[in-house]
Amino acid sequence: MTKRQSSDVLLPYPVGRPYSYLTDGRAVEKGDFVLVPMGRRETLGVVWEHDAQNDDVPEHKLKAFIESYDIPPMPDIHRRFIAWVAEYTMADIGSVLKMTLPALVENSIRKPPRKQDVYPCTDIPSLKTDLDLSNAQAEAAKEMQKAVSAQTFSAMLLDGVTGSGKTEVYFEALAEAFRQNKQVLVLLPEIGLSPQFLDRFKRRFGTEPAVWHSDVTPANKRKIWHGVLRGETKCVIGARSALFLPFPELGLIIVDEEHDQSYKQEDGVMYNARDMAVVRASLGKMPVALASATPSLETMQNVWAEKYKHLILPDRFGGAEMPDINMIDMREEKTTSQVFLSDPLRQALVETKERGEQSLLFLNRRGYAPLTLCRKCGHRFECPSCSAWLVEHRRTMALHCHHCGFNVKIPKECPECDTEDSLVACGPGVERIAEEAKAFMPDANVLVLSSDITDSPKQMDQALQDIQAGRADVIIGTQMIAKGHHFPKLTTVGVVDADIGLSGGDMRAAERTFQLLHQVSGRAGRSALKGSVYLQSYMPDHTVMKAIANGARDQFLKVEASERAEAAMPPFGKLAALIISGPKEDVVRNYCRQLARVAPNYDNLRVLGPAAAAMSLLRGQHRWRFLIKADKTVHIQKVIEEWVAAVKQPSNIRLKIDIDPQSFF
Ligand code: ADP
Ligand code: ZN
C-alpha cells in the first residue's frame, strides 16, 4: 500500500483535533498556513502533527487542499504552546488556535494586502538609559540582563512598591534582549496600557512599541501579527491575548502587575495569562519576569520555594516616602444612611484642596446606588434575567443591571404597591459620593472616573490630562483609577468602603482586598509631596486592615499561605470548577444530579456540589456548579475528562470547565 498524500490540518474552530486533507502533490510542512474546504466553506488552517485517528478515514472521503500561503510557518514552539494550553485548560485545541488566528488575521492571510505592509517596532536604536539607577535597581537590572543572555528558562519576581522603578528596571532587560536581536513581550492589564506608559517606552527606546489590546484597529493588528510572525516586530506591549501572537524569536516575557485578576480570561478558553506566560517561557527556554508591588500568594510561594528568583526594589525612587495610613473606625463615626464620608476624611479633603493639592476617593461601585427599594412595601428592584439588584445611575436616570445591560427608567411609583415617590436609594456608588463631595465642597472641581463614564480610551486620556493639569480637586473613581497612574499633585486618598471585598466566601478575598487597598494607597504622594491615606472600615481590626496599616505584606501573606496549606487549597492543592448552565432550570439540575451520581471518588480528591451558583441566574441562564478539590499529584484534567464523558450532555446545556478558578460566583 502506498502511503497516501495527506496532511493533518488544525482549524480555528471548536474542534478537538486536526483533520486530514489530501495535499494534491503540494509540499507542505508543519506550521504552514493553508486553505482547506470545511463543509461548504473554505477556511484557513495550520498544518499540524498527524493524528492517528485520521488513519481510519478512507481516502475517498478526504478533501483536498485549496491553497497554501507564502508566509512564514507558525513556529513549532507556538504550536507546542497551543497544544499545551489546550490540554491544561481542557479547551478544544481549535479554540486555542482561534486565539492565535482572530478573524481579521485570517482574512489578511487569505487576501494579502496589496502593498507591502510596514511592520511596527522593527528597528530599535541601541540607546542607553539616561537615568542613574540606584544600587538596588542596577542589581536587579543586571540579574535580568544575565537571564536574558543565558537564553534558558528562568522565572523572576520583580518586587517593589509602586514608584520604585520596576518599569525602568525591566526596560534594561528589554534593551538586552533587543541587543540579542530577540523579540520581547510585555503583558499589562488592559487599563495599564496608558499613553503615559507608551511615552515612556518611546523615550527610552526611541521608537513606539507595537500595542495589542481590544481597542487596537484591525489594520494595526494585522500589521503587528504579520510583523511578529516574521520576527521583524521586536516588542509587543499588550493585554493577555498578546500571549497568543506567534513569536518565532521570543527571548523575554514580562508580566507587569502579575497579581491582576484581569489576566484570567473567564470566557471561551479559560486561561490565566500570567501562568501561561510562565509556561510559554519554559517551553521556549527564556526568562519570564513577573512584576508587582503586591505579588499574588501563588507567586510569593514560588519565591519562598526558591523556584522564582526574588529581585527586590525596597524604596520608592528619589526618596519619595510611602504615605501615612489612617484607619477610620466607622463604628465610631456619625455617618448615616445618607452620609458616607466621615468627618476626618472630609476634613482631609478640604485641607488638601486648600493646599492646592488633589484627592482621590476610591469606591469600586459604578452608578449612584447599588440597591433601590420601596420604603413602603420593601420591594427591591432586581434584574429579570440575573440574580442581581439593579443599580441606579443618575446620569441616565435609569436602573441598570451590571451583568446583562438590562435597564429601565426609574419609575415614579413602586411597581409592587403603587405608592408614589416611595423609592429610596440604598448605599453609595461613585455618583453619590460625588454628590456628597460637591455638597460640602461647593467650589471644588469633582471628577468622576468609572468605566461607564470614561468608556473610550480618548475620554480616559482626556480625564487623565485634566488630572495632570490640575483641573480636578477631587477625583472619584472605581478600580480603573486604582493602578498604574502617577499624579504628582495627588496627596490624599480616601477609601470609602475598605471592607467591600471581604464579604463572600472567596478564598482570595483577603489577599485581593490587601492588593487593592495597597494599590489605591500607592496613588498618594508619589513625588516630593507626602501622601496620606484614609481607610473607612467597620472592621479596623481585620488582619487585612492591620497589614495595610503596618505595611506588613509578607507577614500577611505568610499567614494566608499557612491557612491555605492547612486547607490544601491552591497553591498547595488543585481546584477546578464545573459550571453548568442552561435556559431550563430542571434540565440543568437533572444533568447535575446525573453527574453527581458518577462523581469521582478518591482519597486525594473531593467533589463539592452540585450547588446553585451564587449568580444562579445570569443573562437568563440558570447556573449550577461543582468544585473539585484535589491533591497536587492528581491529574485533575484526566479525572474530569473521564467523569463528564460518563454522562450524556443535553443539547441546550453548557458545561464550562474552569481549571484554577479565580472567580466563584
Ligand atoms: P514602578 O514601575 O515600580 O511603579 P517606575 O519605573 O514607574 O516605578 O518609576 C517611578 C518613577 O520614578 C518614574 O517616573 C521613573 O521614570 C522614575 N525613576 C525610576 N527610577 C529612576 C532613576 N534611577 N532615575 C530617575 N528617575 C527614576
Ligand atoms: Zn441582568
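Indexing begins at 1, ligand by ligand and atom by atom, following the structure's order. Please read all numbers here as calculations on a predicted model, not as lab measurements.
Figure legend: R274 and Y263 shown without cation-pi pairing, the cationic atom not lying both under 6.0 angstrom from the six-membered ring centre and within 45 degrees of its axis.
Here H402 fails the criterion, with no N, O or S atom under 2.8 Å of the Zn ion (ligand 2). Look at C383 and the Zn ion (ligand 2): an N/O/S atom of the residue is under 2.8 Å from the metal.
Residue Q137 approaches ligand 1 through these ligand atoms, each under 4.0 Å from one of its heavy atoms: 19 (C), 20 (N), 21 (C), 22 (C), 23 (N).
If you look at L313 next to ligand 1, there are no close heavy atoms at all, none under 4.0 Å. Looking at V169 against ligand 1, nothing comes within 4.0 Å, counting heavy atoms.
The SG atom of C386 and the SG atom of C401 meet at the Zn ion (ligand 2) at an angle of about 110°, given to 10°.
Contact between S164 and ligand 1 is present, with at least one heavy atom of the residue lying under 4.0 Å from the ligand. Heavy atoms of D256 stay at 4.0 angstrom or farther from ligand 1.
Within a 6.0 Å radius of NZ in K142, no more than 12 heavy atoms belonging to other residues, nucleotides or ligands are found.
A donor-acceptor pair is defined here as one N or O able to donate and one able to accept, closer than 3.5 Å; such a pair exists between the side chain of R240 and the backbone of S262. Listed for the K182 side chain is no donor-acceptor partner under 3.5 Å among the backbone atoms of V148. Under the 3.5 Å distance criterion, the side-chain polar atoms of T513 are matched with a main-chain donor or acceptor of A509.
Judged purely by distance below 3.5 Å, without hydrogens or angles, the side chains of E258 and T299 pair a donor atom with an acceptor atom.
Distances from atom 5 (P) of ligand 1 to the heavy atoms of E168, R200, R203 show the closest one on R200.
Under a 4.0 Å N-O distance rule, the pair K264/D275 does not qualify as a salt bridge.
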